[in-house]
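Read the numbers this way: they start at 1 and go in the same order the structure lists the ligands and their atoms. As the structure is a computational prediction, the values presented were derived from the model and not from experiment.
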Amino acid sequence: MASPYISSWFTVLLAVIYLLAASTSTSNAQLTPNFYSSSCPQLLSTVKSVVQSAIRKEARMGASLLRLFFHDCFVNGCDGSILLDDTPSFTGEKTANANKNSARGFEVIDQIKTAVEKVCPGVLGRRDSKTASLSAANNNIPQPTFSLSSLISNFQNHGLSTTDLVALSGAHTIGQARCTSFRTRIYNESNIDASFAQTRRSNCPSASGSGDNNLAPLDVQTPTSFDNNYFKNLVNQKGLLHSDQQLFSGGSTNALVQTYISNPSRFTSDFVAAMIKMGDIKPLTGSSGEIRKNCRKTN
Ligand code: HEM
Ligand SMILES: *[C@@H]1O[C@H](CO)[C@@H](O)[C@H](O)[C@H]1NC(C)=O
């Protein structure tokens, strides 16, 4: 896994799972990986071309879409709840702590939906929620201040193992974080490489409120390549978020971090397996939910 292309491939995979329909796993009897092979054979290529052009325009977009998938699945399952705009009857998830001024890529989801409706109008797929919950988002999405044990139990609450936690955290091999997400780490933590902290401080002032939205790459080495450098950074005490560094701070996950460094294909296969598992969290089936016409609102 070395090129930015790979991250766009993952993004294609997740966009399909997420927006439309079938899981790539057969663990849920009502989901099938080849749902569209006869009803909309152009589906994958259509999604792929929209995602690739978005990433060509802005490399970060692959990361942003990947994160949307995670933030959707951890709040009442992968039901598209994060995509709903606020309405008079509910405040949705877009202004939850983890999403406000942070979650992005909604316009690309709209573009994908438009493109898919054009080639396969009204072809039914995975079902979406009819509501969204700000408080559920605040309560379920893990925070960068979490300790290792809080991260492990948060993932466990979503049916994901400690291996899934470490593998999925490898998503932080791409994308950016805001100063407000790592300020305490670069000023007040001791298990951080001194020159790395110094560099990050230059664009993230210590006073809260100043430069809060200034960005830094989650992977200092190769911020647009989906590789295993994220794990190498942790061993060098160059994890950007407190929660990142927790995975290599003397606890039970140290060994797995080392494995992903020495055996990158283990990271690849564990990441793929964990993505599929995450994509299978509480899908709406039968007559639950609905197939939205517009991803931002209920029908
Ligand atoms: C383990 C617990 C996790 C925590 C505490 C966490 C926290 C964060 C934080 C604080 C940011 C920066 C947000 C900002 O400052 O605007 C971020 C970015 C990101 N996260 Fe996570 N994350 C976690 C797991 C995951 C998982 C499981 C995935 C996907 C599989 C993921 C994918 C991403 C990506 C790709 C970005 C960059 C997004 C962009 O550049 O737009 N994260 N995460
Ligand atoms: C660092 O810790 C000190 C003492 O607890 C606190 O006053 C200060 O606000 C912290 N600074 C940051 C940037 O977190």
Original post:
In terms of residue, atom name and distance, what is the protein heavy atom nearest to atom 26 (C) of ligand 1?
Top reply: Phe70 CD2, 3.4 Å
Subject >> Positive for salt bridge (charged side-chain N to carboxylate O under 4.0 Å, His left out) with Asp110, one of Arg292, Lys293, Arg296 >> reply: Arg296
Subject >> Test log, rule side chain to side chain contact (heavy atoms under 4.5 Å, CB included), inputs Leu44 and Lys48 >> reply: CA-CA 6 Å; Leu44 267 169; Lys48 182 178 166 187; 5.9 Å; no
Original post:
Which residue supplies the protein heavy atom nearest to atom 12 (C) of ligand 1, what is that atom called, and how far is it?
Top reply: Ala177 CB, 3.5 Å
Original post:
If you take all heavy atoms of Asp193 and Asn236, which pair is closest and at what distance?
Top reply: CB-O, 3.6 Å
**OP:** Let me know which of Asn154, Asn157, Leu165 forms a side chain to side chain contact (heavy atoms under 4.5 Å, CB included) with Pro142.
**Re:** Asn154
Original post:
What atoms of ligand 1 come within less than 4.0 Å of a heavy atom belonging to Ala171?
Top reply: 28 (C), 29 (C), 30 (C), 31 (C), 32 (C), 35 (C)
**OP:** Start with the C-alpha gap between Arg178 and Asn101, add the side-chain angles, then the distance that decides, and say whether side chain to side chain contact (heavy atoms under 4.5 Å, CB included) holds.
**Re:** CA-CA 9 Å; Arg178 292 163 305 143; Asn101 298 322; 3.8 Å; yes
**OP:** Give the atoms of ligand 1, by number and element, whose distance to some non-hydrogen atom of Arg60 is under 4.0 Å.
**Re:** 39 (C), 40 (O), 41 (O)
**OP:** Considering only non-hydrogen protein atoms, determine which one is nearest to atom 8 (C) of ligand 1 and report residue, atom name and distance to 0.1 Å.
**Re:** Leu241 CD1, 3.6 Å
**OP:** Classify the ring geometry between Phe267 and Phe231 as parallel (under 30°), tilted (30 to 60°) or perpendicular (over 60°).
**Re:** perpendicular
**OP:** Kindly confirm or rule out an N or O of Arg178 lying under 3.5 angstrom from an N or O of ligand 1.
**Re:** yes
**OP:** Starting from atom 41 (O) of ligand 1, find the nearest protein heavy-atom neighbour and note its residue, name and distance.
**Re:** Ser64 OG, 2.6 Å
**OP:** Please identify which atoms of ligand 2 are closer than 4.0 Å to at least one heavy atom of Ser206.
**Re:** 13 (C)
Subject >> Sub-3.5 Å N/O-N/O distance, Gln176 and ligand 1 >> reply: yes
Original post:
Hey, does Lys94 have a side-chain heavy atom less than 4.5 Å from the side chain of Lys100?
Top reply: no
Subject >> Within-4.5 Å side-chain heavy-atom neighbours: Asn213 and Cys179 >> reply: no
Original post:
Between Ser81 and Ala132, what is the shortest heavy-atom contact and its length?
Top reply: O-CB, 3.5 Å
Subject >> Heteroatom proximity flag, Asn188 to ligand 2, N/O under 3.5 Å >> reply: yes
Original post:
Of all the non-hydrogen atoms in the protein, which one sits nearest to atom 35 (C) of ligand 1, and at what distance?
Top reply: Ala63 O, 3.1 Å
Original post:
Can you tell me the protein heavy atom closest to atom 2 (C) of ligand 1 and the distance?
Top reply: Pro142 CG, 3.6 Å
Original post:
Do Ser102 side-chain atoms and Asn99 backbone N/O form a donor-acceptor pair below 3.5 Å?
Top reply: no
Original post:
What are the atoms of ligand 1, with element, lying closer than 4.0 Å to any heavy atom of Gly175?
Top reply: 37 (C), 40 (O)
Subject >> Among Ser181, Pro223, Ala103, closest by any non-hydrogen atom to atom 15 (O) of ligand 1 >> reply: Ser181
**OP:** Give the numbers and elements of all ligand 1 atoms closer than 4.0 Å to a heavy atom of Leu218.
**Re:** 18 (C), 19 (C), 36 (C), 37 (C)
Original post:
With a 4.0 Å heavy-atom cut-off (strictly under), which part of Thr184 contacts ligand 2: side chain, backbone, both or neither?
Top reply: both
Original post:
Would a 4.0 Å cut-off, counted as strictly less than, catch a protein heavy atom around atom 7 (O) of ligand 2?
Top reply: no
Original post:
Do protein heavy atoms approach atom 4 (C) of ligand 2 to less than 4.0 Å?
Top reply: no
Original post:
So, Lys277 and Asp164, do they make that salt bridge, N to O below 4.0 Å?
Top reply: yes
Original post:
With atoms numbered from 1 as shown, which atoms in ligand 1 lie under 4.0 angstrom from a non-hydrogen atom of Ser243?
Top reply: 5 (C)
Original post:
Who's the nearest protein heavy-atom neighbour of atom 16 (O) of ligand 1, and how far?
Top reply: Ser102 OG, 2.5 Å
**OP:** Taking all non-hydrogen atoms of both residues into account, name the closest pair between Asn76 and Ala136 and its distance.
**Re:** ND2-CB, 4.0 Å
Original post:
Between Lys282 and Asp79, is there a salt bridge with N-O shorter than 4.0 Å?
Top reply: no
Subject >> Name of the residue among Arg185, Gln245, Gln237 meeting side chain to side chain donor-acceptor pair (under 3.5 Å) with Asn191 >> reply: Arg185
Subject >> Nearest option to atom 21 (Fe) of ligand 1, as decided by whichever heavy atom of Gln143, Arg67, His158, His172 sits closest >> reply: His172
Original post:
Given Arg201, Arg185, Arg183, Glu189, which has its nearest heavy atom closest to atom 13 (C) of ligand 2?
Top reply: Arg183
**OP:** Give the numbers and elements of all ligand 1 atoms closer than 4.0 Å to a heavy atom of Leu165.
**Re:** 1 (C)
Original post:
Considering only heavy atoms of Pro144, which atoms of ligand 1 have at least one such atom less than 4.0 Å away?
Top reply: 5 (C), 10 (C)
**OP:** Check whether any side-chain N or O of Tyr187 sits under 3.5 Å from a backbone N or O of Ser206 as a donor-acceptor pair, and report yes or no.
**Re:** yes
Original post:
Is it true that Phe182 lies under 4.0 Å from ligand 1, counting heavy atoms only?
Top reply: no
Original post:
What part of Phe69 sits under 4.0 Å from ligand 1 if we count only heavy atoms: the side chain, the backbone, both or neither?
Top reply: neither
Original post:
Any chance the rings of Phe74 and Phe155 have centres within less than 6.0 Å?
Top reply: yes
Original post:
Which ligand 1 atoms are under 4.0 Å away from a heavy-atom of Ser169?
Top reply: 1 (C)
